[in-house]
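Working notes, beginning with the structure itself.
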Amino acid sequence: MKMKKRSLFAGLALMLSASVVLTACGGSKDSAQDAGGAAGKPVELIWYTIGTPQKDVDRVMEEVSKYTKEKIGVTVKMNMIDFGDYSQKMQVMTASGTPMDIMFTSSWAFDYVQNARKGAFLPIDDLLEKQGKGIKDMLDPAFLSGSKVDGHNYGIPANKELPAQEVWRFNKQLLDKYNLDIKNVNSLESLEPLLKTIKEKEPDVIPFSVDKNYGVFVPYDYVIEKMPMAVKLDSQDYKVINILETPEMKQALETMHKYYKAGYIPTEAATMVSSTDVQKTGKWFADKATTQPFADNLWTASYGYPVVSTPASPAYIYNWSVMGSMQAISANSKNPEKAMEFLNLLNTDPVLRNMVDSGIESVHYKKVGDNVMENLPESKNYDMPTFSLGNLMITYLNPTDPKDKWEGFKKFNATGKPAALLGFNFDPSKVTSEIAAVQNVKEEFWAPLMTGTVDPNQILPQATQKLKAAGLDKIMEEAQRQIDAWKAAQK
């Protein structure tokens, strides 16, 4: 049986409970007639979203439109753009004024903050109060407060896992084979005896699977993701510092270099684009990943052998985790109220949400329980990225999912601590040239340092000197000014 696509780790990102009674399941016929929709000609909404274009999109949208026409007087035309092309094509289309009403945006594709500031999206504060009350009732308030840009909401975050938490992940076959215990693994340093055992006893296995995208965890909140300036996660003074000059980073990089020299890390790690092929072979012992509730089950099903994990960091709510999947209304939309009515229905009505996600019942999937489904062979023509389409907590479960899956997500979300800069979005307009120069310098040394390939005691002073010459201090001064103003405005 093919599982429903649950791309819940997207960059990372890469997702409250299905049992929650959602009182706002969308507009009524009366509300549609008030707007002239169901009583007259329905409004067509044009929706652009991310994902590999599916053969049956138009077929499914015909059924979606029958439902939404009856409910709120709208029909839906969905246009899918593949992951690799989405950002660039959307930039071109929004700049040229291509007609559209709703569009996918995020922290990692068609940049939400950047495009909100450029005027691509409509501010939706008033629309949320009027046509989007179901969304406000359903979402954890941190989603909307954390996704404000300069004081306004421009997008609706998908109701999914709210915090981000990193874990040490292990190939359980090797843990069992050598009777290794992970209950005391709570830091990078505590991995060492386990890695040593695998290195000695399994010469064909990679003890610590690391690639060029690896980043050590240190308790700081980056002002710009993966740029070397940050404030402490639990900061009281919100002082912006060069993260490469912190004792925590120095210690972590020294440990990584120690592991590299010991042969625990692949020699080509700093240039390896992805380590996912290694996971498919099973020839690895440990790595680091971003988790969610029941993630071990998903990894185990995906790889075909048991995978277990233990926390590598606390669960923090970051800007990028809040903005990992969003729907915005185009600034050029001719029907913003109807667009919000549709988004409200999509995020609160299980019938609509599951139709958009899984297709037509008895064609693409069949129900095998009240909120459990199995894919049918036709689902190969409609295999959607679930995370990108709105509220996950009302999507049907797979037969292998825990019955309390969404309750688990709700509990996980409740554990999240707000990161220091949650709700703050840096405006780079005054330091764009410096950011470009710093980015170029960073590319020289970031992956070699993070993967342990080079000695941090030699490289960190060189890196800091080059970053300062490129303008890092000026960027940090501007960041400090903006953060101070943001904090003052909050008070």
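Given the structure is predicted, the values throughout are model-derived calculations rather than measurements. Below, each value reflects all heavy atoms present in this structure, side chains not excepted, and no hydrogens, waters or symmetry copies.
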Problem - Arg169 vs Thr291 side-chain heavy atoms within contact, under 4.5 Å - result: no
Handout entry: Inter-residue atom distance Leu472.CG - Gln465.CD, 0.5 Å rounding
Key = 13.0 Å
Exercise for the section: May I ask you to check whether over 12 heavy atoms, not counting those of Gln88, lie within 6.0 Å of atom CD? Expected result: no
Exercise for the section: Measure the shortest side-chain to side-chain distance between Lys430 and Arg481 over non-hydrogen atoms and say whether it is less than 4.5 angstrom. Expected result: yes
Practice task
Using atom types as modelled and distance alone, determine if a side-chain donor or acceptor of Gln327 lies under 3.5 Å from a backbone N or O of Ile156.
Solution key: no
Problem - Sub-6.0 Å ring centroid separation between Phe294 and Phe412 - result: no
Problem - Ring centroid separation Tyr264 to Phe208 under 6.0 Å - result: no
Exercise for the section: Look only at the side chain of Ser302 and the backbone of Leu298, and say whether a donor-acceptor pair between them is shorter than 3.5 Å. Expected result: no
Handout entry: Electrostatic pair Lys474-Glu477, nearest N-O below 4.0 angstrom
Key = no
Problem - Trp108 and Phe387 aromatic ring geometry - parallel, tilted or perpendicular at 30°/60° bounds - result: tilted
Exercise for the section: Apply the test side chain to side chain contact (heavy atoms under 4.5 Å, CB included) to residues Leu194 and Leu175: give CA-CA distance (whole Å), side-chain angles for both, the deciding distance (0.1 Å), then the verdict. Expected result: CA-CA 9 Å; Leu194 285 72; Leu175 286 175; 4.3 Å; yes
Problem - Heavy-atom check, side chain of Met326 versus side chain of Pro157, under 4.5 Å - result: yes
Fill in the blank from the handout: Here the gap from Arg353 atom CZ to Leu389 atom CG, rounded to the nearest 0.5 Å, amounts to 5.0 Å
Practice task
Measure from the side-chain N and O atoms of Asn319 to the backbone N and O of Gly423, and report whether any donor-acceptor pair falls under 3.5 Å.
Solution key: yes
Exercise for the section: Supply the atom-to-atom distance Asn171 CG to Asp176 CG, rounded to the nearest 0.5 angstrom. Expected result: 9.0 Å
Problem - Backbone of Phe426 reached by a side-chain donor or acceptor of Gln482 within 3.5 Å - result: no
Exercise for the section: Would you check, one step at a time, whether the test side chain to side chain contact (heavy atoms under 4.5 Å, CB included) holds for Phe110 with Tyr86? Expected result: CA-CA 7 Å; Phe110 194 46; Tyr86 189 78; 3.7 Å; yes
Handout entry: Nearest atoms (heavy-atom pairs only) where Ala315 meets Pro163
Key = CB-CB, 3.8 Å
Handout entry: Met450 side chain near Leu253 side chain, heavy-atom distance below 4.5 Å
Key = yes
Practice task
Answer yes or no: is there a donor N or O on one side and an acceptor on the other, between the side chain of Ser321 and the main chain of Leu162, under 3.5 Å?
Solution key: yes
Exercise for the section: Give me the ring orientation class for Tyr303 and Trp284: parallel if the planes are under 30° apart, tilted from 30 to 60°, perpendicular past 60°. Expected result: perpendicular
Practice task
Please name the pair of heavy atoms, one in Ala142 and one in Ile317, separated by the smallest distance, quoted to 0.1 Å.
Solution key: CB-CD1, 4.5 Å
Exercise for the section: For the pair Asn159 (side chain) and Met393 (backbone), establish whether a donor and an acceptor sit closer than 3.5 Å, ignoring hydrogens and angles. Expected result: no
Handout entry: Nearest heavy atoms of Val441 and Lys466, plus distance in Å
Key = CG1-CB, 3.6 Å
Handout entry: Side-chain H-bond candidate by donor/acceptor type, Asn391 with Asn347, under 3.5 Å
Key = no
Handout entry: Whether Ser330 side chain and Asp101 backbone form a donor-acceptor pair below 3.5 Å
Key = no
Exercise for the section: Report the C-alpha distance between Lys232 and Glu248 in whole Å, list the side-chain angles of each, state the deciding distance to 0.1 Å, and finish with yes or no for salt bridge (Lys or Arg N to Asp or Glu O under 4.0 Å). Expected result: CA-CA 11 Å; Lys232 277 212 160 191; Glu248 296 95 339; 3.4 Å; yes
Handout entry: Sidechain-backbone polar pair: Ser313 side chain, Glu166 backbone, donor-acceptor under 3.5 Å
Key = yes
Problem - Flag side-chain contact, heavy atom, 4.5 Å: Gln292 against Phe409 - result: yes
Fill in the blank from the handout: Rounding to 0.5 Å, atoms CE (Met373) and CG (Asn354) come to a distance of 8.0 Å
Problem - Gln236 atom CD: more than 12 heavy-atom contacts under 6.0 Å - result: no
Practice task
Output yes when Glu200 and Lys196 qualify as a salt bridge under the 4.0 Å nitrogen-oxygen rule, no when they do not.
Solution key: yes
Problem - NZ/NE/NH1/NH2 to OD/OE distance under 4.0 Å, Lys183 and Asp181 - result: yes
Problem - Within 6.0 angstrom of Lys148 NZ, more than 12 heavy atoms from elsewhere - result: yes
Problem - Thr400 backbone acceptor or donor facing Asn398 side chain under 3.5 Å - result: no
Exercise for the section: Please report the shortest heavy-atom distance between Tyr318 and Ala419, naming the atom on each side. Expected result: CD2-CB, 3.8 Å
Handout entry: Distance in Å, Glu192 CD paired with Thr197 OG1, rounded so as to fall on 0.5 Å steps
Key = 10.5 Å
Practice task
Decide side chain to side chain contact (heavy atoms under 4.5 Å, CB included) for Tyr178 and Lys201; before the verdict, give the C-alpha distance in whole Å, the side-chain angles of both, and the deciding distance to 0.1 Å.
Solution key: CA-CA 9 Å; Tyr178 296 107; Lys201 297 183 180 297; 3.2 Å; yes
Practice task
Flag the pair Leu180 / Phe170 as yes when at least one side-chain heavy-atom distance between them is below 4.5 Å, and no otherwise.
Solution key: no
Fill in the blank from the handout: Met227 and Tyr222 have their tightest heavy-atom pair at O-CD2, 3.0 Å
Problem - Heavy-atom donor-acceptor pair, Trp486 side chain to Asn425 backbone, under 3.5 Å - result: no
Exercise for the section: Please check if any side-chain donor atom of His152 sits under 3.5 Å from a side-chain acceptor atom of Asp125, or the reverse. Expected result: yes
Handout entry: Heavy-atom side-chain contact between Met103 and Met93 under 4.5 Å
Key = no
Fill in the blank from the handout: For Leu127 and Met340, the nearest pair of non-hydrogen atoms, with its separation, is O-CG, 3.6 Å
Problem - Steps toward side chain to side chain contact (heavy atoms under 4.5 Å, CB included) verdict (Met78, Met384) - result: CA-CA 12 Å; Met78 178 186 278; Met384 302 292 280; 3.7 Å; yes
Practice task
Step through the shown structure and confirm whether more than 12 heavy atoms of other residues, nucleotides or ligands are within 6.0 Å of NZ on Lys411.
Solution key: no
Problem - Pair Glu254 + Lys250, salt bridge at N-O below 4.0 Å - result: yes
Problem - Reported OG1-to-CG distance for the pair Thr310 and Leu191, which is rounded to 0.5 angstrom - result: 9.5 Å
Exercise for the section: Report yes if some heavy atom in the side chain of Phe121 is under 4.5 Å from a heavy atom in the side chain of Val149; otherwise report no. Expected result: no
